[in-house]
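What follows is one structure encoded as structure tokens, with my remarks underneath.
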Amino acid sequence: MGSAPQPSSKNEKSVLERQPSAEDKPSGLGVRHLQALLLFFCITVNYLMRVNLSVGIVLMTQNSTTNSTSDIPVFDWTMKEKSVVHSSFFFGYLFMNLAAAVIVTKINNKFLLLGSVTISSAVTIATPALVIFADLYMLIVIRIVLGFMQGFMMACVMGQMSRWIPPAERSRCGALVLGGVHFGTIVSFATSGVLGTKFGGWPTVFYFSGSLGVIWVLVWAMIGAESPNSCRYIGTKERDYIVDQLSSSTSVPKNITIPWKEMLKSKACIALALVTLGHNWGFWTLVTEMPSYFSSVLKFDSTTNGYISAVPFASLWIFSFPASYIADVLVKKNIISVTISRKGCNTIAHWGAAAALTILTFTTNNTLVIMIYTIGVTLMGFSSIGYNINHLDIVPNFAGFLMGITNGLSNFSSILAPQFVGLIVTDPTNAFQWKIVFWVSALIFFLGNLIFITMGKATVQPFNEIPEDIKTPHKKMSVASICSRP
């Protein structure tokens, strides 16, 4: 029998060689898992506020015949105008993501998330009153502001994970945290139709998601922490374990010079940026446009539409946990390298989704469409342990910064994809026009992943290292000293 494959590089091997002993590793769940759970809910509520418009805009327009509250106004917006609304979020999101890439390296990430979600929640709760007052243009402005405020989220979350999550737990914790994208989408799709048709009309969609954001803010203010050393209630053993396992056992100083040029020349970083562009085009086509496709072509009512849109993301979210656990075990046991794990998982995600979108163009049978759509979206869950977690692999010290850059640039796709749909789908009931949308999305999924498996890496890049003269070592403090801080 042949021997098991070895890690593909010195960097991957060094990570595996630093696996903790049973005595060093704290047993059971710890504060790091609590912080990961808080980050999961952070992404969940942000996506609730972001995605609520997918079903909400169907309820808000005149072609919605299920709006049961007669005194709530509906609007006569064209498909092109609705596409502009969907894109508007990403104009603000694009700008702030690029700015956040730098800001998150200079300012306390806990407070950035606190301010971001607070304002996002307030804007979301105010949406119905403002839109009723000023119509389409006000909604566009609101979505731009919401995108602007949420631009901090992914960079902060990735920065938080780089300070809290040891390498051996990244796939599992990463799947949990990034699963908030899909859980938020599930809750939004599953509740929007019911809230909008049975509990006060479309404004309740926005009140619900904004209120959950407020609840998260209160919890985060009380128990969120930027790092193990700033956490008041973490035990000494767990803190020391995290510090020992993280790269070089250092904190990244706020005055560190960001290696711009090295990142721009790095094939690993370029591949990550391009695959993120491809992912966002396909993902946001599925999230923002499929409810309209279901309503216009398959003739689902709003409640059914919401449930059917939610089921695939529920399947994706549930399936991501065993998938991430298996990926961690395979890497830990040296059965596959980190590089093979990341590229293999991403190929399942993107080429699986591309195949599903292609198959969708050959049928309008309701049952088959739902089955294929569910399978395609479920497979996309592998992207959380594919390209998405790859930021922590290649530049753990600058993961938040790189996430801000890649997530920011990818919003060109998020902006263009709905605009492309508005350009192609001039008649929402025309199935052939939707086929063009699906073909293009499948092609972009395919090409993005091809670049990632050709150029991508999962090894720490040389420019990740912090010069010795400016390193800030993690201090091993007692619980008493931490709790005595003002």
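Note that the coordinates shown come from a computational prediction; the quantities given were computed from them, not determined experimentally.
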**Request:** Measure from NZ or CZ of Arg50 to the centre of the six-membered ring of Tyr93, then state whether that distance is under 6.0 Å and the direction lies within 45° of the axis.
**Result:**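 Pair Arg50/Tyr93 counts as cation-pi.
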
Taking the six-membered ring where the residue is Trp, are the ring centres of [X] and [Y] under 6.0 Å apart?
{"X": "Phe40", "Y": "Phe183", "answer": "yes"}
{"X": "Trp284", "Y": "Phe90", "answer": "yes"}
{"X": "His350", "Y": "Phe446", "answer": "no"}
{"X": "Phe319", "Y": "Phe382", "answer": "yes"}
{"X": "Trp434", "Y": "Tyr293", "answer": "yes"}

**Request:** Using the six-membered ring wherever Trp is involved, compare the ring planes of Trp202 and Phe206 and label them parallel, tilted or perpendicular (cut-offs 30° and 60°).
**Result:**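 Trp202 and Phe206: perpendicular rings.
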
**Request:** Give the ring-plane orientation class for Phe313 versus Phe283, where under 30° counts as parallel, over 60° as perpendicular and anything between as tilted.
**Result:**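 Perpendicular.
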
Pair up each side-chain donor or acceptor in residues 110-117 with any protein partner under 3.5 Å, not counting sequence neighbours, and list the distances.
{"from": "Lys110", "atom 1": "NZ", "to": "Ala221", "atom 2": "O", "distance (Å)": "3.4"}
{"from": "Lys110", "atom 1": "NZ", "to": "Gly224", "atom 2": "O", "distance (Å)": "2.9"}
{"from": "Ser116", "atom 1": "OG", "to": "Met149", "atom 2": "O", "distance (Å)": "2.4"}

**Item:** NZ/Lys343: more than 12 non-hydrogen atoms of other groups inside 6.0 Å
**Value:**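 Counting other residues, nucleotides and ligands, NZ of Lys343 exceeds 12 neighbours.
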
**Name of the residue among Thr204, Asn52, Thr127, Asn46 meeting side-chain hydrogen bond (donor to acceptor under 3.5 Å, both in side chains) with Ser209** =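 Running side-chain hydrogen bond (donor to acceptor under 3.5 Å, both in side chains) over Thr204, Asn52, Thr127, Asn46 with Ser209 returns exactly one hit, Asn52.
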
**Request:** Show the numbers, then the answer: is there a ring pair (Phe, Tyr, Trp, His ring centres under 6.0 Å) between Trp281 and Phe445?
**Result:** CA-CA 8 Å; Trp281 182 289; Phe445 263 140; over 10 Å; no

**Item:** For Phe294, all residues meeting ring pair (Phe, Tyr, Trp, His ring centres under 6.0 Å), sequence neighbours excluded
**Value:**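 With sequence neighbours excluded, Phe294 shows a ring pair (Phe, Tyr, Trp, His ring centres under 6.0 Å) to Phe300, Tyr373, given in chain and number order.
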
Side-chain donor-acceptor contact under 3.5 Å, [X] with [Y]:
{"X": "Thr276", "Y": "Ser410", "answer": "no"}
{"X": "Asn229", "Y": "Ser227", "answer": "no"}
{"X": "Asn280", "Y": "Ser413", "answer": "no"}
{"X": "Asp135", "Y": "Trp77", "answer": "yes"}
{"X": "Thr347", "Y": "Asn449", "answer": "yes"}

**Message:** Please determine whether side-chain contact (heavy atoms from CB on, under 4.5 Å) holds for the pair Thr44 and Val181, giving the CA-CA distance in whole Å, both sets of side-chain angles, and the decisive distance to 0.1 Å.
**Reply:** CA-CA 6 Å; Thr44 295; Val181 171; over 6 Å; no

**Request:** Tell me, with the steps shown, if Ser315 and Val377 meet side-chain contact (heavy atoms from CB on, under 4.5 Å).
**Result:** CA-CA 8 Å; Ser315 175; Val377 172; over 6 Å; no

**Message:** Determine whether a donor-acceptor pair (N or O, by modelled atom type, separation under 3.5 Å) exists between the side chain of Ser188 and the backbone of Thr185.
**Reply:**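 No; judged by distance alone, with no hydrogens or angles, the pair does not exist.
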
